[in-house]
There are 2 protein chains.
Amino acid sequence: MKRKKNTLATLSQVARAAGVGTTTVSRVINGGDRVSPETLAKVNRAIESLGYTPNHAARVLKGDRTKTIGLIIPSIADPFFSSCAEAAQAVARANDSLLIVVSTGNDLKNELENVNVLAGHRVDGLIIAAANSQRQSLCRLLQSLRMPIVAIDRPILNLNVPSVVANNFLAARSAVRHLIGHGRKNIGCLTGESELFTIQERIRGYRAATKQAGLRCILEASIHDYDSAFRCIERLFQSKYPPDGLFTLKNSTTIFVFEVLQKLGIRMPDPIALLGFDDFELASTVRPSISVVRQPVQDLGRVAAELLFEQLFKSEPREGAGRQTIRTLTLETELICRRSCGCLPSD
Amino acid sequence: MKRKKNTLATLSQVARAAGVGTTTVSRVINGGDRVSPETLAKVNRAIESLGYTPNHAARVLKGDRTKTIGLIIPSIADPFFSSCAEAAQAVARANDSLLIVVSTGNDLKNELENVNVLAGHRVDGLIIAAANSQRQSLCRLLQSLRMPIVAIDRPILNLNVPSVVANNFLAARSAVRHLIGHGRKNIGCLTGESELFTIQERIRGYRAATKQAGLRCILEASIHDYDSAFRCIERLFQSKYPPDGLFTLKNSTTIFVFEVLQKLGIRMPDPIALLGFDDFELASTVRPSISVVRQPVQDLGRVAAELLFEQLFKSEPREGAGRQTIRTLTLETELICRRSCGCLPSD
DNA sequence: ATGAAAGCGCTAACAC
DNA sequence: GTGTTAGCGCTTTCAT
C-alpha cells in the first residue's frame, strides 16, 4: 500500500494485469508490431479496463522528441495572434505534436521567463513573436537553447533564425499610393507604439510613398485610446495643412480614429479618406465600411509552424550541412477596398 | 562520446562541473536552502555557464504535481474563449503553473483525443468547455481521469464537477423585458446552433419573458450566415405579425442581422429595436450603436481557474471529506444600453 | 514473439 | 552541509 493514491495506471500495472512483460505492452501502445494477435487483445483489454494512458514525461525522459512545440506571443486575446495560434496548432496536430501557447504582454521579463518554462518542458522547437526582438538577453537565451526557432510577425535580426512576416513595407506603400490615387494630397499616418518592427516597416512604406509623390509627411505615433485619437485629430484639423486622407497603422488606431471622425461629424471618404492596416470582422459592417490592408493571418501561423517542423525533420543530419542561409518568408497582403477610401459609391 | 548531441545540460553535469553532488544542485535549483553560500555561488556559476534548465519531465516523473493545467475550448480564435484563456493563464501563472490550451472545433472526437493528450501530459487539472457536455463517452473519460475538473460556459450535468457559467437565463429574460419596456409587442428571437447549453438557456429566458408578458414567441434558430439571416428577416417582415423588436442570441447572429437590416434600409431602434447577446469591440462604433448583454468573459476564465486551483490545493486531504456538493458558480451579466434598443437618443 | 534489465534526469530518504 | 542511492514510468538493446 505504498502506492501514491490518485495516480493513473502505469505501464507495468498493465503488464501485470495482462500477464505479460513491460516490453510487450510498450510494443502494443507503440503500434503493436511483433505482437501476436492474442497477446495484443489481452493487453488492449487490460489497457482499456485500467484506463491507461502512457505517461508523456516518462517517454520524454527517454530522450527523444517531446512532440511539443512552443508558441510565444504578446497576447492570446489579440485576434491577430490567436488566429496565428489556431493555425499553428492545426499544423502541430497534423505533425502529432502539442502546441503550448504562452503570452507575454509584450514584456521582456515575461518573455525570458516563458522561454525558460518552455525550455524546461523541452519543447522540440519554438515559434516566437518577440516583444523587443533585438534584446541581447533574449537572443542569448534563444541561442543557448540550441533548438529550431522560427520568428513570426517580428524578425529577430541578430540571430540566425528564419522568420515569417507579412510584407508590411510594400503593403503600406501601396496602401498610401492607393490614397494618392484617390487624389489625396495630405495624408496623415496615425499609430500607437512605434517601436514594433511591423509598425516601423509600415511607417517606412508610408514615407516611401509620400516622398515619391512629393507629399508632406504627417506622422502621429501617440494614439493609444479614444482620447488621444481625439486630441490628435483635432490638432491635425486645426493645422495649416489639414489632412484629406488618413492611414492608420493598426487595428485599434483605425477604430479609435473612426469613432472620433464619427463623433466630430467628419464624413468619409470626403472630406477624409480612411484606410487602415489590418482587417477586422466589422470593418465591412460599419458605415461607411472601412477599407483595409489585410494580412494573411492564418498563413503566418501555418507557415511558421510548417517551417519549424521542416527544420525539426531535417535537423538530425545537420552536422554536415553548411550554415543554412537565413530564410525570411515574406507573405503578401491584400488591399480590401470598401467605402472609406472612396472606392465604392458612398452608399 | 556517447552523449546525445544537441541535448541540454543535465543536473549531474552541473554537479560535476561544480564539483558537488547532485543533491546539492537539486537543493540550489529548489530554493538553495541548506547550502553554504560558497557552494551556492559555485553551483550557480556552473548552472549559468552550462545554460542549465531543469528538465520538467524528470521532475514530473518523480510523481509530484506537474504544475500544468489544461484548458479545452472549441476555438482559440474565438474572442470569447481566447479571453477566457488569457484570464485563466494569468491565474495559472500566479499559481506557478503552465496552462495548456487545446481547441476542439466543437467536435467530440477531437475533444476525446485532446483529453487523452492532456491526460498523457498528466496535467494536474482540467478546465473544459465541452462541445456536447452530455455525451456519455466524454463523461466516462473525464471521470476516469480522477483529477479536478471545472466546466466553463457549459456545465456537465451528469458529472460531479463544478461549473462556472454566466447567468444566461436571467440575462436573456431581463434583456427581453427591457425590449418590452420599450413598448415592443412582437419580439423575435434569432440564433444559430440551438443545441448549445448557453443558447438554450437564453431561449428559455426569452420564452419566460414573452410568456409572462403575453407576447407571441417568434423563434428562429437557423441563422448561420448573412444569407440565412437575410431570408429569415425577409420572411419575418412578410408575416402576419412583423416584429418590432429583435433579440439575437449570439455575436455572429447579431452582426448578420445588423448587416441585413442595414442593407434593407430598416432603421433601428424604429421600426426595429435590436438587442444582442454578447458584447463586441465595435458594438459601440457601428451606427446605430448596438445594445447588448455583456458577459463577464474575463471573470469566467479567472474564476474557473481559481476554482480549479482551490480543488487542487485541498485535494490532498480528501479521503476524509464527504462528497462535496457540486458547485455551480453563476456570474451575473450586464445590460449595456446603446442606441439600437431605443435607450439613447437616436443621434 | 516475448521478457529482463539498464538507464533517461531528477528528488528525497538516509547516511555522514 | 553535503553526498549516495533508489526509484519515478517508460523505451530499448539483447537474450531467449
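Note that this is a predicted model, so its numbers are computed, not measured. Just the heavy atoms: all of them, side chains too, but no hydrogens, waters or symmetry mates, feed the values below. Proteins get letters first, then strands, A, B, ... in listed order; numbering begins at 1 in each.
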For [X], report the nucleic acid contact type (base, sugar-phosphate, nothing); a contact means any heavy atom under 4.0 Å.
X	answer
A/Val60	nothing
A/Thr39	sugar-phosphate
B/Ile29	sugar-phosphate

Can you check the [X] [atom1] to [N] [atom2] distance for me, whole Å?
X	N	atom1	atom2	result
A/Arg34	C/dG3	CZ	P	15 Å
B/Asn30	C/dA12	CG	P	7 Å
A/Leu11	D/dC8	CG	P	13 Å
B/Lys62	D/dA6	NZ	P	12 Å
A/His56	D/dT11	NE2	P	11 Å
B/Glu38	D/dT2	CD	C1'	13 Å
B/His121	D/dC10	NE2	P	14 Å
A/Arg16	D/dG9	CZ	P	11 Å

Taking only the side-chain heavy atoms of [X] (C-beta and beyond), determine which of [options] contains the nearest atom.
X	options	result
A/Arg59	C/dC14, D/dC10, C/dC10	D/dC10
B/Leu61	C/dA5, C/dT11, D/dC8	D/dC8
A/Arg27	C/dT11, D/dG9, C/dT2	C/dT2
B/Thr23	D/dC10, C/dG9, D/dT4	D/dT4

Between A/Arg327 and A/Glu310, does any NZ, NE, NH1 or NH2 come within less than 4.0 Å of an OD or OE carboxylate oxygen? yes
Whichever of B/Val35 and B/Arg122 has the more 5' nearest nucleotide on DNA chain D, that residue is B/Val35
Restricting to pairs with a member in residues 11-38 of chain A, which pass salt bridge (charged side-chain N to carboxylate O under 4.0 Å, His left out), not counting sequence neighbours? none
Please determine if a side-chain N or O atom of [X] lies less than 4.0 Å away from the OP1 or OP2 oxygen of [N].
X	N	answer
A/Thr24	C/dG3	yes
B/Asn55	C/dC8	no
B/Ser12	C/dG9	no
A/Ser36	C/dT2	yes

Straight-line distance of A/Leu312 CG to A/Lys67 NZ, nearest 0.5 Å: 10.0 Å
Could you check A/Ala58 against A/Gly21 and say which one's nearest nucleotide on DNA chain C is further toward the 5' end? A/Gly21
Can you find a heavy atom in the side chain of A/Thr53 that is under 4.5 Å from one in the side chain of A/Ile47? no
Could you check whether any side-chain heavy atom of B/Arg93 comes within less than 4.5 Å of a side-chain heavy atom of B/Leu99, counting everything from C-beta outward? no
Crowding at NZ, A/Lys42 (>12 non-hydrogen neighbours, <6.0 Å): yes
